[in-house]
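Reading through the structure tokens given below for one structure.
All values below were derived from every heavy atom in this structure, side-chain atoms included, with hydrogens, water molecules and symmetry-related copies excluded. Residue numbering restarts at 1 for every chain, and letters A, B, ... go by the order of the sequence lines.
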2 protein chains.
Amino acid sequence: MATNPGYRFVIADDHPLFRGALRQTLEGLFDGVVIAEAGSLEAVSKILEEGDEIDLVLLDLNMPGVRGYSGLMYLRAQFPTVPVVVVSANEDPGTIRRCMEFGAAGFVPKSLGTDTIREALSTVMAGDLWTPADVDLASMPADETAKLVQRLSTLTPQQVRVLMMLSEGLLNKQIAYELGVSEATVKAHVSAILQKLGVESRTQAVIAASKIEVGHWQSVGV
Amino acid sequence: MATNPGYRFVIADDHPLFRGALRQTLEGLFDGVVIAEAGSLEAVSKILEEGDEIDLVLLDLNMPGVRGYSGLMYLRAQFPTVPVVVVSANEDPGTIRRCMEFGAAGFVPKSLGTDTIREALSTVMAGDLWTPADVDLASMPADETAKLVQRLSTLTPQQVRVLMMLSEGLLNKQIAYELGVSEATVKAHVSAILQKLGVESRTQAVIAASKIEVGHWQSVGV
DNA sequence: GCAAGCCTCCTCCTTTCGGAGGAGGGCCAA
DNA sequence: TTGGCCCTCCTCCGAAAGGAGGAGGCTTGC
């Protein structure tokens with residue numbers, strides 16, 4: 001129906017087949033849309049860093065090398081101006097809620113019809129948030145991890161990068177090398193992270209981060 | 001049918017209703033069986049430490065405060081002589097295989113009928129291993145974590161306890177206090193753990209442990 | 001312009017980690 | 001009984017971690 005010229009989307013999903021299906025859907029919904037595909041978080045970052053003024057990222061929660069919400073957290077921290085819509089097979093209210101807390105602009109279950117997807121993306125492109133109608137975000141508040149999510153959201157972009165490197169078990173020295181800064185800077189970031197997360201060691205910070213990243217699936221699994 | 005007098009079982013599951021159901025099943029299958037129930041890993045440990053010569057532990061993989069296989073690993077390390085049968089709603093071959101690698105004496109899907117349960121427990125009580133017939137343990141070998149599982153299985157009982165405390169973010173000093181030993185001893189254990197796991201820092205050890213404990217559900221979820 | 005936030009880097013200091021190497025006692029199986 | 005394994009503990013040492021406190025340069029927004 002309507003034409004939305006020149007939108008630039010990025011589809012981030014590790015499954016090529018699904019990327020193709022989503023691409024077709026989007027091309028049918030938005031005239032003149034330009035779509036880039038990314039199979040990993042690194043690929044998404046590279047695209048966003050090229051400064052092509054991406055209008056929207058459609059992100060699968062389950063990307064290789066990215067456990068749970070860390071991919072979303074990373075994108076929101078590194079590229080705060082680019083809206084991210086999470087696309088997931090999971091439509092559990094807790095998952096949706098957490099995605100929104102991490103700054104997602106919308107949550108689109110993979111089961112949705114094209115009409116609803118169109119509505120969702122239009123809403124997001126207009127600058128509003130969108131979630132499935134039957135989800136009550138106000139309910140089911142403050143579990144143990146809610147506070148932690150909030151704390152994580154106060155981390156600066158660079159701090160997010162450092163935290164993720166901590167979660168890979170890197171030394172300060174190694175992180176400094178990777179980021180091209182001095183070890184003193186890394187130590188400053190780490191200290192800030194510890195304070196913001198309310199923990200007392202890098203190991204505890206890693207544990208806290210891992211709880212958020214995978215904590216949800218535990219309660220679903222088994 | 002047959003009478004198996006005086007068996008002592010422990011049912012470890014955080015769900016009271018399921019404990020009751022399993023208790024009834026067992027009481028119908030084995031005459032004169034004595035059954036203790038435990039809703040947490042601590043409760044199981046307490047029962048086993050009391051020296052009542054428990055013949056079998058029926059362990060749910062999903063216990064509170066115990067993520068994934070750590071409960072099984074802990075029991076096998078602390079009480080090597082007590083056979084543990086894993087009871088789980090999950091009957092994925094990978095899960096079953098990993099349970100057996102961690103030293104489970106059997107794996108009983110919750111969906112099983114009483115006849116099959118009886119067969120399974122009798123097999124285990126006779127000293128053999130038991131898994132569902134349709135599972136081919138020989139297949140699906142060596143994924144990335146298989147080596148790690150093997151390495152974890154070489155940890156001594158005390159090292160397992162230390163590793164779990166590392167995974168809680170405790171300092172050596174705190175672990176020493178908890179275990180009632182000197183910090184030097186803890187450091188010796190930690191060094192041994194790092195060597196056995198093939199890592200270079202406590203943080204990396206915690207990361208490795210967390211991969212095993214929850215790594216499997218990730219590949220199932222979403 | 002100016003404040004605020006972020007990133008960067010510095011010094012000085014204490015604590016914690018982790019390795020190397022040794023050593024004694026307890027327990028169990030060959 | 002004699003290894004072997006485990007747990008315990010020790011010293012000496014260098015490296016890593018983390019706190020306290022400060023500081024300059026950089027954008028962004030008021």
Side-chain angles (χ1 to χ4, degrees), chain A residues 49 51 73-74 76-82 151-209, chain B residues 49 51 73-74 76-81 103 151-209:
Chain A
E49 281 164 1
M73 177 169 71
Y74 182 84
R76 290 302 300 159
Q78 305 303 315
F79 312 99
T81 63
V82 181
R151 287 173 167 172
L152 282 170
S153 66
T154 70
L155 294 180
T156 67
Q158 195 75 323
Q159 285 164 8
V160 170
R161 299 183 69 186
V162 171
L163 176 58
M164 291 186 174
M165 294 184 183
L166 288 183
S167 296
E168 293 169 7
L170 300 185
L171 301 177
N172 289 342
K173 188 177 297 187
Q174 295 172 306
I175 296 173
Y177 177 80
E178 295 281 342
L179 294 181
V181 299
S182 79
E183 194 179 340
T185 302
V186 174
K187 289 173 78 169
H189 284 313
V190 171
S191 291
I193 291 170
L194 298 185
Q195 278 201 326
K196 286 185 176 178
L197 296 192
V199 298
E200 285 173 342
S201 73
R202 68 202 293 103
T203 302
Q204 288 178 359
V206 169
I207 294 167
Chain B
E49 282 165 0
M73 177 170 70
Y74 182 84
R76 288 303 301 159
Q78 304 304 315
F79 312 99
T81 62
R151 287 172 167 173
L152 282 170
S153 66
T154 69
L155 295 180
T156 67
Q158 194 74 324
Q159 285 165 6
V160 169
R161 299 183 69 184
V162 171
L163 176 58
M164 292 186 173
M165 294 184 184
L166 288 183
S167 296
E168 294 169 5
L170 300 184
L171 302 176
N172 289 342
K173 188 177 298 186
Q174 295 172 307
I175 297 173
Y177 177 80
E178 294 282 341
L179 294 180
V181 300
S182 80
E183 194 179 340
T185 302
V186 174
K187 290 173 74 171
H189 285 312
V190 171
S191 291
I193 291 170
L194 298 185
Q195 279 201 324
K196 287 185 176 178
L197 296 191
V199 298
E200 286 172 342
S201 72
R202 68 203 292 106
T203 301
Q204 287 179 359
V206 170
I207 294 168

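In terms of position along DNA chain D, the nucleotide closest to B:K196 lies nearer the 5' end than the nucleotide closest to the other residue of the pair B:K196 and A:N172. Nearest-nucleotide assignment on DNA chain D puts the 5′-proximal partner with A:L171, out of A:A188 and A:L171. Toward the 5' end of DNA chain C, the nearer of the two residues A:T185 and B:E183, judged by each one's closest nucleotide, is A:T185.
The CG-P distance, from A:L179 to C:dC6, rounds to 17 Å in whole Å. In this structure, CD of B:Q174 is placed 9 Å from P of C:dT16, rounded to the nearest angstrom. Distance CD1 (A:I193) to P (C:dC7): 10 Å, rounded to an integer number of Å. Note: CG (A:L163) to C1' (D:dG18) measures 16 Å, nearest angstrom. Atom-to-atom, CD1 of B:I175 to C1' of D:dC7 comes out at 16 Å; the value is rounded to the nearest Å. The CD-C1' distance, from B:Q159 to D:dC5, rounds to 11 Å in whole Å. When the P atom of D:dG18 is taken as reference, atom NZ of A:K173 falls 15 Å away, rounded to whole Å. Between B:E200 atom CD and C:dG19 atom P the separation is 8 Å, expressed in whole Å.
Considering only the side chain of B:S191, C:dG18 comes nearest among C:dC17, C:dG18, D:dA17. For B:V181, the listed nucleotide lying nearest its side chain is D:dC9; candidates were C:dG19, D:dC9, D:dC7. Here the side chain of B:P157 is nearest to one of D:dG18, D:dC7, D:dC9, namely D:dC7. In the set D:dG19, C:dT8, D:dC10, the nucleotide with an atom closest to the side chain of B:S182 is D:dC10.
Residues A:L163 and A:V190 are not in side-chain contact: their nearest non-hydrogen atoms beyond the backbone lie 4.5 Å or more apart. Taking 4.5 Å as the limit, every side-chain heavy atom of B:V181 sits out of range of all side-chain heavy atoms of B:I175. A heavy-atom distance below 4.5 Å is not found between the side chains of B:V186 and B:K173. Side-chain contact between B:Q78 and B:E49 is absent, with no heavy atoms from C-beta onward closer than 4.5 Å. Using a 4.5 Å cut-off on side-chain heavy atoms (C-beta onward), B:R202 and B:N172 make contact. With a 4.5 Å cut-off on side-chain heavy atoms, B:I207 and A:E168 do not count as touching. The shortest distance between side-chain heavy atoms of B:V160 and B:P157 does not fall below 4.5 Å.
At the phosphate of D:dT8, OP1 or OP2 sits under 4.0 Å from a side-chain N or O atom of B:Q158. For D:dC9, neither phosphate oxygen OP1 nor OP2 lies less than 4.0 angstrom from any side-chain nitrogen or oxygen of B:H189. OP1 or OP2 of D:dC7 lies within a sub-4.0 Å distance of a side-chain N or O belonging to B:T156.
If one axis is set at each end of the helix from C:dG1-D:dC30 to C:dA30-D:dT1 from five pairs, those axes are 40° apart, to 10°.
Separating the CD atom in A:Q204 from the OG1 atom in B:T203 is a distance of 10.5 Å, to the nearest 0.5 Å.
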